[in-house]
Novice: 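Structure in structure tokens, see below.
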Amino acid sequence: MVGMETFPKIISVDDHTVEPPHVWRDRLPSKYQDIGPRIVRAPLKEMTFVGGKFAPKMGAAGDEGPIADWWVYEDLHRPLTRLDTAVGYDRDEVKLEAITYERMRPGSYDVRERLSDMDVNHVQSALCFPTFPRFCGQTFTEAKDRELGLLCVRAYNDWMVEEWCGPDAHGRLIPLAIVPLWDAELAAEEVRRNAARGVRAVCFSEIPPRLGLPSVHGDDWDPFLRACDETGTVIAMHIGSSSKMPSTSADAPPAVGSTLTFANCCFSMVDWLMSGKFDRFPGLRIMYAEGQIGWIPYILERADVVWEENRGWGGIADKVLKPPSELFARHVYGCFFDDAFGLRNVDAIGVPNVLYETDYPHSDSTWPKSKEVGEAQMGHLDPDVVERIVRGNAIDLLGLTPEGLWADAPGGPGSGPPSGATS
């Protein structure tokens, strides 16, 4: 059994950053200051989250309602919410409400405070998904001004690399890029631009057609996939990155969708396994953040049966050349923060394909007890298996140093002077 004193330092592959107000204000040309993403303090008029859809309404100055900080961008108004940053609050206090920066834990948006909260939680390093851009940058894909949208994507990635994962992070924060999803060629360029400075992961949608984008079954995404293949960039898909959480009806309460959060990952993984992309791009690797893992063994079993018995009429005989379970073992990673059932069946998934996460600072986060949760659920596993799940697999997948740090961090381990600089 793995004891308290021997549990490995965690590398979390799914945490989140709440972007500070200056990210785009400091990086966009002056002509975009009034329409680019900016924070406005205003009252909340109304906010609902029903049937998997989030719908807030911003009030005008002087209106009644709780005061919140809102991201305003073109016609979009999105408040900061308690669900964005719930750590430090009792579970019964975590409600659907709009908040200000002052009402969130500073580690949500401040690098040094984040590192302190990671220390409290036995976390060495963390990969962080966006908040305002949403989980795959779809905020900018939905915008009207494509030129501005591309500038916003690049500004976010520059902030992610240079500041969030910059010198103050000491290599402990691992960069995760976004791309302009509306153009696969531009997306490929952004993958290569960031890979050149050590970024090893990029966000993508679990189900692109729900964003009005092509599926993975055609050739539309090939330039992007080729760039990821050639640069060793991992495609990271977070639950909700299709802008709609799974639900059953328009009036279903959020608890229904919260129970079914894995479902989009399940649909997405079958899409990829039956797409033929892993045969065409043999270096591709994809990961599912916050999707949990307990559902995976049956899906692999069923997919193999379909491939073996139904591929002739199933439209995959000429493109899926290996059993889906074999493709999964080589290309797919499942991520979990609390899944005792999955861990009891981890051999049916494959130890090398499982990654640990803490989901800081979201309402589902196990902070500050991620180590205790891991110990309780992994106590039956051999220490070397726990080491692989908690940190070793992430080190290999994300190209980290043996110590679990981002090697290319500005001022961090393995980094030299910036391009064009003198030492």
Side-chain angles (χ1 to χ4, degrees), residues 13 184 187-188 191 195 200-202 204-209 213-237 241-242 262-289 291-336 339 342 345-355 385 388-389 392-399:
V13 295
V191 166
R200 296 290 178 262
V202 62
F204 192 66
S205 174
E206 59 200 353
I207 308 176
L213 299 170
S215 79
V216 297
H217 295 290
D219 298 335
D220 303 82
W221 291 109
D222 283 5
F224 166 72
L225 300 181
R226 186 173 297 108
C228 292
D229 182 13
E230 293 175 355
T231 61
T233 299
V234 178
I235 297 175
M237 292 171 281
S241 56
S242 57
F262 74 93
N264 284 354
C265 296
C266 175
F267 296 162
S268 176
M269 190 179 82
V270 175
D271 247 359
W272 281 89
L273 292 175
M274 300 301 187
S275 70
K277 297 304 182 185
F278 295 135
D279 288 294
R280 292 190 58 200
F281 301 104
L284 271 185
R285 293 168 298 169
I286 66 174
M287 57 169 270
Y288 288 101
Q292 311 300 347
I293 59 174
W295 52 273
I296 292 175
Y298 171 71
I299 293 298
L300 294 180
E301 177 184 282
R302 176 59 185 166
D304 276 359
V305 169
V306 170
W307 181 83
E308 185 67 39
E309 299 184 0
N310 301 337
R311 64 178 180 264
W313 62 263
I316 59 171
D318 60 344
K319 63 179 182 178
V320 181
L321 307 181
K322 303 179 186 71
S325 60
E326 184 177 330
L327 296 174
F328 174 90
R330 295 183 179 183
H331 301 278
V332 186
Y333 297 79
C335 313
F336 77 99
D339 191 340
N345 296 277
V346 71
D347 287 340
I349 301 165
V351 169
N353 301 84
V354 175
L355 305 167
V385 172
R388 294 306 309 173
I389 291 172
N393 292 337
I395 289 173
D396 292 345
L397 181 64
L398 298 171

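We use all heavy atoms of the structure for the numbers below, so side chains are in, but hydrogens, waters and symmetry mates are not. Residue numbers run from 1 in the order of the sequence given. In this text the structure is predicted, and so the values were computed from the model without any measurement.
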Novice: Might you work through the side-chain contact (heavy atoms from CB on, under 4.5 Å) test for Trp272 and Ile235, ending with a clear yes or no?
Specialist: CA-CA 12 Å; Trp272 281 89; Ile235 297 175; 4.0 Å; yes
Novice: Would you give the length of the straight line joining atom CZ of Phe267 to atom CD1 of Ile299, rounded to the nearest 0.5 angstrom?
Specialist: 8.5 Å
Novice: Residues two or more places apart in sequence or in another chain: which of them pass ring-ring contact (aromatic ring centres under 6.0 Å, His included) with Phe204?
Specialist: Trp221, Phe224
Novice: How long is the straight-line distance from OG1 of Thr231 back to CZ of Arg226, given to the nearest 0.5 Å?
Specialist: 12.5 Å
Novice: Please name the pair of heavy atoms, one in Pro208 and one in Pro214, separated by the smallest distance, quoted to 0.1 Å.
Specialist: CB-O, 3.2 Å
Novice: Say whether, by atom type as modelled, one donor and one acceptor occur between the side chain of Tyr288 and the main chain of Met269 under 3.5 angstrom.
Specialist: yes
Novice: Between Asp271 and Ser215, is there a donor-acceptor pair closer than 3.5 Å when you use the side chain of the first and the backbone of the second?
Specialist: no
Novice: Taking Ser268 for the side chain and Cys265 for the main chain, is one N or O donor matched with an acceptor at less than 3.5 Å?
Specialist: no
Novice: Looking at side-chain heavy atoms only, is the closest gap between Ile296 and Phe328 below 4.5 Å?
Specialist: yes
Novice: Taking all non-hydrogen atoms of both residues into account, name the closest pair between Cys228 and Val202 and its distance.
Specialist: SG-CG1, 4.0 Å
Novice: Enumerate the residue pairs fulfilling salt bridge (charged side-chain N to carboxylate O under 4.0 Å, His left out) with a member in residues 314-327, sequence neighbours excluded, ordered by first and then second residue.
Specialist: Asp279-Lys322, Glu326-Arg330
Novice: Step by step, work out the side-chain contact (heavy atoms from CB on, under 4.5 Å) result for Met237 and Asn264.
Specialist: CA-CA 10 Å; Met237 292 171 281; Asn264 284 354; over 6 Å; no
Novice: State which residues pass ring-ring contact (aromatic ring centres under 6.0 Å, His included) with His331; sequence neighbours excluded, sorted by chain then number.
Specialist: Phe278
Novice: Measure across Arg311 and Trp307 and return the closest heavy-atom pair with its distance rounded to 0.1 Å.
Specialist: NH1-O, 2.7 Å
Novice: Taking the side chain as C-beta and beyond, is there a heavy-atom pair between Leu273 and Leu300 under 4.5 Å?
Specialist: yes
Novice: Which heavy atom in Ala201 sits nearest to a heavy atom in Leu398, and how many Å separate them?
Specialist: CB-CD2, 4.1 Å
Novice: How would you list, by chain and number, every residue that makes a salt bridge (charged side-chain N to carboxylate O under 4.0 Å, His left out) with Arg285, sequence neighbours excluded?
Specialist: none
Novice: Any chance you could measure Leu327, atom CG, to Met274, atom CE, to the nearest 0.5 Å?
Specialist: 9.0 Å
Novice: Okay, side chain of Asn353, backbone of Ala329: is any donor-acceptor separation there less than 3.5 Å?
Specialist: yes
Novice: Report the distance from atom CD of Gln292 to atom CG of Asp339, rounding to the nearest 0.5 Å.
Specialist: 5.0 Å
Novice: Among all residues two or more places apart in sequence or in another chain, which pass the side chain to side chain contact (heavy atoms under 4.5 Å, CB included) test with Asp304?
Specialist: Pro323, Pro324, Ser325
Novice: What closest approach, in Å, do Val351 and Val385 show between heavy atoms, and which atom pair accounts for it?
Specialist: CG2-CG1, 3.9 Å
Novice: For the residue pair Ile293 and Gly334, what are the closest heavy atoms and their distance?
Specialist: CG2-C, 3.8 Å
Novice: What residues form a salt bridge (charged side-chain N to carboxylate O under 4.0 Å, His left out) with Asp222, not counting sequence neighbours?
Specialist: Lys277, Arg280
Novice: Checking Val216 against Leu225 for the side-chain contact (heavy atoms from CB on, under 4.5 Å) test, could you report, in this order, the C-alpha distance in whole Å, the side-chain angles of both residues, the deciding distance, and whether it holds?
Specialist: CA-CA 10 Å; Val216 297; Leu225 300 181; 5.8 Å; no
